[in-house]
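Since the structure is predicted, the reported quantities are computational estimates derived from the model, not experimental observations. Heavy-atom basis, side chains included; hydrogens, waters and symmetry copies ignored. Start at 1 with the first residue, then count along the sequence.
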Amino acid sequence: MATKDVTRLSLMAATVGFGQSALLALVPIISGATGLDAPAIGAIGFLGALAFLAAAPAWGYREGGLRSRFRLLAWLMVGAQFVFLGVLSAGSMSAMLAFALLAGSRIVYSAAAAGVMPQAQAAIVRMSSPEKRHAALARLSAGLSVGRVLGPLVTLPGAAGLLPALAVMTVMPLALLASPDIVPAERQVAQQVERARRRWDVARAVLPLLGVGFALTLGLGQIQITLGLFLQARFGLDAHAAARWSGVTFMLVAVAMIVVQLALVPRLRGGLLRSLRIGLVVFSLGSAAAGFAPSVLVVMLGAMIAGGGIALATPSYTAWLVGRIAQREQAAAAGWLASVHVLGQGGGALSGGLAFALSPLAPFLICAGLGAAIALALPYIEPPRDHREAR
């Protein structure tokens with residue numbers, strides 16, 4: 001795959017990340033405009049997450065070239081965003097109607113957005129040579145991270161300038177219309193398509209790597225949900241100070257992940273197994289350093305190191321996963337991985353709170369243990385079909 005095509009796909013991933021994080025930043029504005037309380041807005045977010053979980057693997061089974069798939073996703077996302085913009089601009093309406101419209105908008109948007117990353121990842125895997133695949137997947141993940149960093153900027157203009165910012169947010173998914181026209185290889189050489197493996201064979205091939213993705217996002221979710229509480233308990237900060245330091249930390253972690261994905265991953269040599277092992281060890285060490293940190297600044301540094309480890313590990317296990325199955329199944333497998341990531345972060349939010357109740361240090365120790373345990377288990381996972389990638 002040409003570098004320009006990877007760049008275009010990365011920009012499209014950025015629009016998805018932007019839409020996801022911008023909504024979180026707009027929660028107070030949504031509440032003020034509609035009268036919905038926090039539980040109602042949380043329920044809308046939960047419905048969107050459920051739609052994402054169901055849709056991500058389903059999009060992988062859709063036939064056709066990448067451009068035709070992205071065209072459908074783009075119009076679904078734009079339509080959903082128009083409804084969202086309309087609710088915020090309509091003025092007074094009943095809370096029940098506002099909830100129904102926003103819930104429907106979020107379900108459609110999440111279901112469509114769920115198809116972008118799996119389809120893009122599968123296209124990169126199919127069209128990239130083994131030696132370039134790892135770096136291309138890292139650039140795609142970096143695009144998603146850039147969008148998530150930029151999303152909250154939609155609130156900067158303030159109330160007076162919010163409508164133009166929301167309009168830009170609404171039309172951003174149209175960037176998907178510029179998708180490269182990548183046709184699945186099985187359509188080009190139909191007579192050479194290999195017969196699909198039995199379901200058990202496919203499950204056996206992907207489950208270990210899905211487990212890696214779930215464990216890492218579970219750990220990340222634990223840190224995200226408990227970091228502010230940890231800063232309060234460890235350093236005696238008040239709620240506002242803890243929230244500020246947490247926000248700054250999350251921003252720096254995102255920046256660190258982008259730098260790793262764009263600058264470090266393309267320069268690594270040694271294959272997927274080595275890159276994944278390094279990423280896991282770095283994640284483990286960063287988590288431990290944050291947990292035992294003597295100051296807030298060291299906590300921030302440890303969190304950045306842990307985030308860098310995840311940024312290094314994610315493209316490695318993604319390429320490993322899709323490299324173990326037939327091409328016709330790769331988009332669906334990438335969709336399952338996206339769903340597992342969402343489940344992992346949700347599970348991390350739940351289990352992190354329970355772990356914190358036992359000890360403020362517990363979530364960080366769990367993360368460190370998960371990274372170390374997975375690193376030790378890697379040699380028992382069968383490498384991709386091209387064995388040279390994983391060695």
(message) Pair Leu370, Leu216 - check side-chain contact (heavy atoms from CB on, under 4.5 Å), show working.
(response) CA-CA 7 Å; Leu370 283 173; Leu216 283 180; over 6 Å; no
(request) Decide yes or no for Tyr317 and Thr314: does some side-chain heavy atom of the first lie under 4.5 Å from some side-chain heavy atom of the second? (result) yes
(request) Please test Leu174 against Trp75 for side-chain contact (heavy atoms from CB on, under 4.5 Å), starting from the C-alpha separation and ending with a verdict. (result) CA-CA 7 Å; Leu174 292 178; Trp75 290 117; 3.7 Å; yes
(message) So Thr249 and Leu252, do their side chains get closer than 4.5 Å, heavy atoms only?
(response) no
(message) Is the shortest side-chain heavy-atom distance between Phe70 and Leu177 below 4.5 Å?
(response) no
(message) Is it the case that the side chain of Thr226 and the backbone of Gly353 share a donor-acceptor pair, with hydrogens and angles ignored and the cut-off at 3.5 Å?
(response) no
(request) Examine Val78 and Val116 and state if one hydrophobic cluster contains both, with Ile, Leu, Val, Met, Phe, Trp and Tyr joined whenever side-chain heavy atoms are less than 4.5 Å apart. (result) no
(message) Please say yes or no: joined through hydrophobic side-chain contacts below 4.5 Å, possibly via intermediate residues, are Met304 and Val298 part of one cluster?
(response) no
(request) Indicate yes or no: at least one non-hydrogen side-chain atom of Arg106 is less than 4.5 angstrom from one of Leu47. (result) no
(message) On a heavy-atom basis, which atom in Gln222 and which in Ser351 lie closest, and how many Å separate them?
(response) NE2-OG, 2.8 Å
(request) Ignoring hydrogens and angles, tell me if any N or O in the side chain of Thr15 forms a donor-acceptor pair with the backbone of Met12 under 3.5 Å. (result) yes
(message) Nearest 0.5 Å, please: how far is CG in Leu378 from CG in Leu276?
(response) 4.5 Å
(request) Of all the heavy-atom pairs spanning Ile305 and Val282, show the shortest one and how long it is. (result) O-CG1, 3.2 Å
(request) Indicate, with yes or no, if Phe99 and Leu85 share a hydrophobic cluster defined by side-chain heavy-atom contacts under 4.5 Å among Ile, Leu, Val, Met, Phe, Trp and Tyr. (result) yes
(request) Taking all non-hydrogen atoms of both residues into account, name the closest pair between Gly347 and Leu218 and its distance. (result) C-CD1, 3.4 Å
(request) Check whether any side-chain heavy atom of Leu36 sits under 4.5 Å from a side-chain heavy atom of Ile44, and report yes or no. (result) yes
(request) For Gly17 and Leu144, work out which heavy atoms get closest and say how close. (result) N-CD1, 3.6 Å
(request) Spell out, yes or no, whether Leu301 and Val260 are grouped together once hydrophobic residues are joined by side-chain heavy atoms under 4.5 Å, including indirect joins. (result) yes
(message) Looking at every non-hydrogen atom in both residues, tell me the closest pair between Leu227 and Val299 and how far apart they are.
(response) CD1-CG1, 3.8 Å
(message) Working to the nearest 0.5 angstrom, can you tell me the gap between Ile223 CD1 and Ser246 OG?
(response) 12.0 Å
(request) Tell me whether Val296 is reachable from Phe364 by hopping between hydrophobic residues (I, L, V, M, F, W, Y) whose side-chain heavy atoms are closer than 4.5 Å. (result) yes
(request) Using a 4.5 Å cut-off on heavy atoms from C-beta on, say whether the side chain of Pro379 contacts that of Arg277. (result) yes
(request) State the CD1-CG distance between Ile374 and Leu280, to the nearest 0.5 angstrom. (result) 5.5 Å
(request) Calculate, to the nearest 0.5 Å, the distance between atoms CZ and CG belonging to Phe230 and Leu237 respectively. (result) 10.5 Å
(message) For the CG atom of Leu262 and the OG atom of Ser141, what is their distance to the nearest 0.5 Å?
(response) 10.0 Å
(message) Keeping Ser94 on the side-chain end and Leu97 on the backbone end, is there a donor-acceptor pair under 3.5 Å?
(response) yes
(message) Is it the case that the side chain of Ser10 and the backbone of Arg139 share a donor-acceptor pair, with hydrogens and angles ignored and the cut-off at 3.5 Å?
(response) yes
(request) Determine, step by step, whether Val212 and Trp320 satisfy the side-chain contact (heavy atoms from CB on, under 4.5 Å) criterion, reporting the C-alpha distance in whole Å, the side-chain angles of both residues, the deciding distance to 0.1 Å, and the verdict. (result) CA-CA 11 Å; Val212 172; Trp320 195 337; over 6 Å; no
(message) Any non-hydrogen side-chain atom of Phe292 less than 4.5 Å from a side-chain atom of Leu361?
(response) yes
(request) Before giving the answer on side-chain contact (heavy atoms from CB on, under 4.5 Å), spell out for Gln232 and Leu229 the whole-Å C-alpha distance, their side-chain angles and the decisive distance to 0.1 Å. (result) CA-CA 5 Å; Gln232 282 186 278; Leu229 299 174; 3.8 Å; yes
(request) Report yes if some heavy atom in the side chain of Phe283 is under 4.5 Å from a heavy atom in the side chain of Leu312; otherwise report no. (result) no
(request) Quick one: closest heavy-atom pair of Ser110 and Gly48, and the distance? (result) CB-O, 3.1 Å
(message) Using only atom types and a distance under 3.5 Å, with no angle test, would you say the side chain of Ser89 pairs donor to acceptor with the backbone of Gly86?
(response) no
(request) Working to the nearest 0.5 Å, report the span between CG of Leu231 and CG of Asp238. (result) 11.5 Å
